[in-house]
Structure formats: C-alpha cells, structure tokens
There are 2 protein chains.
Amino acid sequence: MAHSHDVPSDLTRNQGLVLGALNHSEGPLSAYDILDKLRGDGLRAPLQVYRALDKLVERGLAHRLESLNAFVACADEHCHRKGLIAFAICEGCGKVDEFADAVIEDRLGDWASAKGFKVERTTMEIRGKCAVCVEAA
Amino acid sequence: MAHSHDVPSDLTRNQGLVLGALNHSEGPLSAYDILDKLRGDGLRAPLQVYRALDKLVERGLAHRLESLNAFVACADEHCHRKGLIAFAICEGCGKVDEFADAVIEDRLGDWASAKGFKVERTTMEIRGKCAVCVEAA
DNA sequence: TCTTGATATGTTATGTTATTACGCTTGCGG
DNA sequence: CCGCAAGCGTAATAACATAACATATCAAGA
Ligand SMILES: [Zn+2]
Ligand SMILES: [Zn+2]
Ligand SMILES: [Zn+2]
Ligand SMILES: [Zn+2]
C-alpha cells in the first residue's frame, strides 16, 4: 500500500535527498536545516537545497510555509492535491496539519470573480496550538 | 471625515514615521525599503524600523505580508478589524487588496473546533493579477 | 522629591534566509 | 557530431531579521 514516505523514482539525487530529509522530519525544516542534515551526503551549498526544493514544491511533493520560511513534505499520499491547501501550525510542538477545504476555496473564487482578480496561488496558514499542546498547557 | 491615512496621535516618533511611509506608499514595503525612505528623518538601523513595525502590527495599524516579507498600512479606516484578514496581492502592479470574510472565518473555526486546535493567528494571502493587470496582459 | 519600573531609543554586531553569476556535466534529439 | 535543456558545484553577495548592550523618558507611588 502506498505510503506518504514513498518517493517517486524519477527524482534526481539532490531532490531525493531533500525530500528524504523532509519526510524523516517531525516538523518543518528551513533550507539551512536541510543543508545541515545533508552535509554527510555531500551537499555543501544552500543553492543545492533551494534548487531541489523549487522542483519539489513545483511538483507538489513539498510545500513552503511562508510564515515560517520553512518547508514540509506533502502529507497527501499521492501528492496530487490541487487548489487551495491550508496548514495548521502548532507553536508548541511544531507539527503541521495539512488540509483542503472546498467551501473556503469556493468563497475565495467568488471574491476573485467579483473583483476580476486572477488567482495564481493561495497561501493559508493558521498558527496556534494543537490539541495535545493545549492539553499540556 | 476620517481617512485611512489619519494617524493616531499617541504613536512615538519612529512609529509615526514608519506608518507614514507605509501610508504614502502605493504598495507593500520591506523593512529595509522603509529604512531607506526614512534615512533623511534620522533613522539608521533596521532595528528601529522593526521595533516600530512590531508595535504597529500589534495594534492593527499595519499588517505583515508573510509571502512577501513586507508590510502594508491597514486599509481599514478605523483600524479595528478583528479576526481573519485576507490579502490579494497583484504580481503585476504590487497593489494589495485587504478584505475580511466571515464565511471563511467560520469555516476555519469549525475545522479548529473539530481538531481541538486553538487558533492564535491566521494568514491568508492570494497571489495573482488584479483586474487592471489582467486587462493589460 | 526621589526612586523605580515600563517603554522607547540608538548603535554595533551578528544571525538567518535567499539569490546571482559563472562554468561544467549529462542526456537526448537532429 | 552538434546544439540544447536540465541539472549540478561553487563562490560571492543580497535581503531579511535579531541579539546584546547602553541610554533616555516619563509616569506612578513612597
Ligand atoms: Zn500537500
Ligand atoms: Zn502541538
Ligand atoms: Zn487591516
Ligand atoms: Zn495589478
């Protein structure tokens, strides 16, 4: 059965390493975090990581969290999610929950139609505390 | 009649200068953009700008655009907007449209309740082209 | 009045995130 | 073989943000 940590086989070496680092991480990683994890594999420069991340994000295998300047592996098993994706980011434990909501998407679409705004990309990030961390408080 | 460029009188000098810079700008400004605009007024260091921005954002007089690492003055006349605010950012002309949507807010609230997630802050940013720039294309 | 605390400020240095520029390599179709 | 596209390696630099420390201002409240 497919598993979210399966990695497409047509990735280049650097892309595979970067996606691997993201998949094995509990939470989001900055490009420099990733670089540090991969020095042992021969990566030396930020650009090597950024280039890999660009491709991964382009393909939907990873996502950039704008409010964190960091990246996560896509949580969707088949990585085919289209349209708006929302992220709930816990300030306590760092975990990220990825979800889609058609109602919100429609609502935004309505706003855009009314304004004549052509949407290319939407970022939606909720910061707060997850249930576990609220409990612990 | 009140006007969105009116500035509360209890701002400190630096806060007033920074908000003024944002109010007089067509589009979002980075902290360093602001600094450059205010060198003539005696500002010298990034921290002076960041400190003022922190206060302005805290009071809702300015907003941070995470996907741009930049700031805009609040477009609301009385600067009392609570809750979720969305921004539509034009890639063509840089203009930013600020709006609120209760339906989206409710929908997120529902999701959060269901998950036990305690929301502290939400960022929602739409990138694309405004009507004018779509026309021009 | 004198002290004390809270808030704002100024300055230097440093840390973190992201890109530009350039050249080499690899694989693939003409 | 040639020309092109995509990927890679490296160095340098740009852009964004904070730490650390010193000083200034002002409003309680003893
Ligand atoms: Zn995803
Ligand atoms: Zn948590
Ligand atoms: Zn606003
Ligand atoms: Zn535009």
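Proteins get letters first, then strands, A, B, ... in listed order; numbering begins at 1 in each.
- In summary, B:D10 and B:R59 engage in a salt bridge, as defined by a charged side-chain N under 4.0 Å from a carboxylate O.
- Two residues, B:D54 and A:A52, neighbour DNA chain D, and the one matched to the more 5' nucleotide by heavy-atom proximity is A:A52.
- Side-chain contact, B:S67 with B:R127: a donor N or O sits under 3.5 Å from an acceptor N or O.
- Stacking here means ring centres nearer than 5.5 Å and ring planes tilted less than 30 degrees, and by that measure B:Y50 does not stack onto D:dT18.
- Comparing B:N69 and B:L43 against DNA chain C, the residue whose closest nucleotide sits nearer the 5' end is B:L43.
- Rounded to a whole Å, the CZ atom of A:R39 is 14 Å from the P atom of D:dG9.
- Side chain of B:E125 to backbone of A:T123: no donor-acceptor contact under 3.5 angstrom is found.
- When rounded to the nearest whole Å, the span between CG of A:N14 and C1' of D:dA6 equals 13 Å.
- Protein atom CG of B:D10 is 14 Å distant from nucleotide atom P of D:dA27, rounded to whole Å.
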Worked check of salt bridge (charged side-chain N to carboxylate O under 4.0 Å, His left out) between B:D110 and B:K115: CA-CA 9 Å; B:D110 291 349; B:K115 289 282 190 176; over 6 Å; no
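- When heavy atoms are screened at a 4.0 angstrom cut-off, B:R51 is found touching base atoms of the nucleic acid.
- For the pair A:Q48 and D:dC8, the criterion of a side-chain N or O lying under 4.0 Å from OP1 or OP2 is not met.
- Put simply, chain B comes within 4.0 Å of DNA chain C, heavy atom to any atom, from C:dA8 to C:dT12, going 5' to 3'.
- With DNA chain C read from its 5' end, the first of the two nearest nucleotides for A:L47 and B:R13 is the one closest to B:R13.
- Remark: of the listed residues A:V57, A:L29, A:V49, A:L19, A:V57 is the sole one forming a side chain to side chain contact (heavy atoms under 4.5 Å, CB included) with A:F71.
- A:E105 and A:R107 are not joined by a salt bridge, as no carboxylate oxygen comes within less than 4.0 angstrom of a charged side-chain nitrogen.
- Using a 3.5 Å distance cut-off with no hydrogens or angles, the side chains of A:S30 and A:D33 do pair a donor with an acceptor.
- Closest to the B:Y32 side chain, of the nucleotides D:dT10, D:dA17, D:dG7, is D:dA17.
- Using a 4.0 Å heavy-atom criterion, one finds that B:A31 contacts no nucleic acid atom at all.
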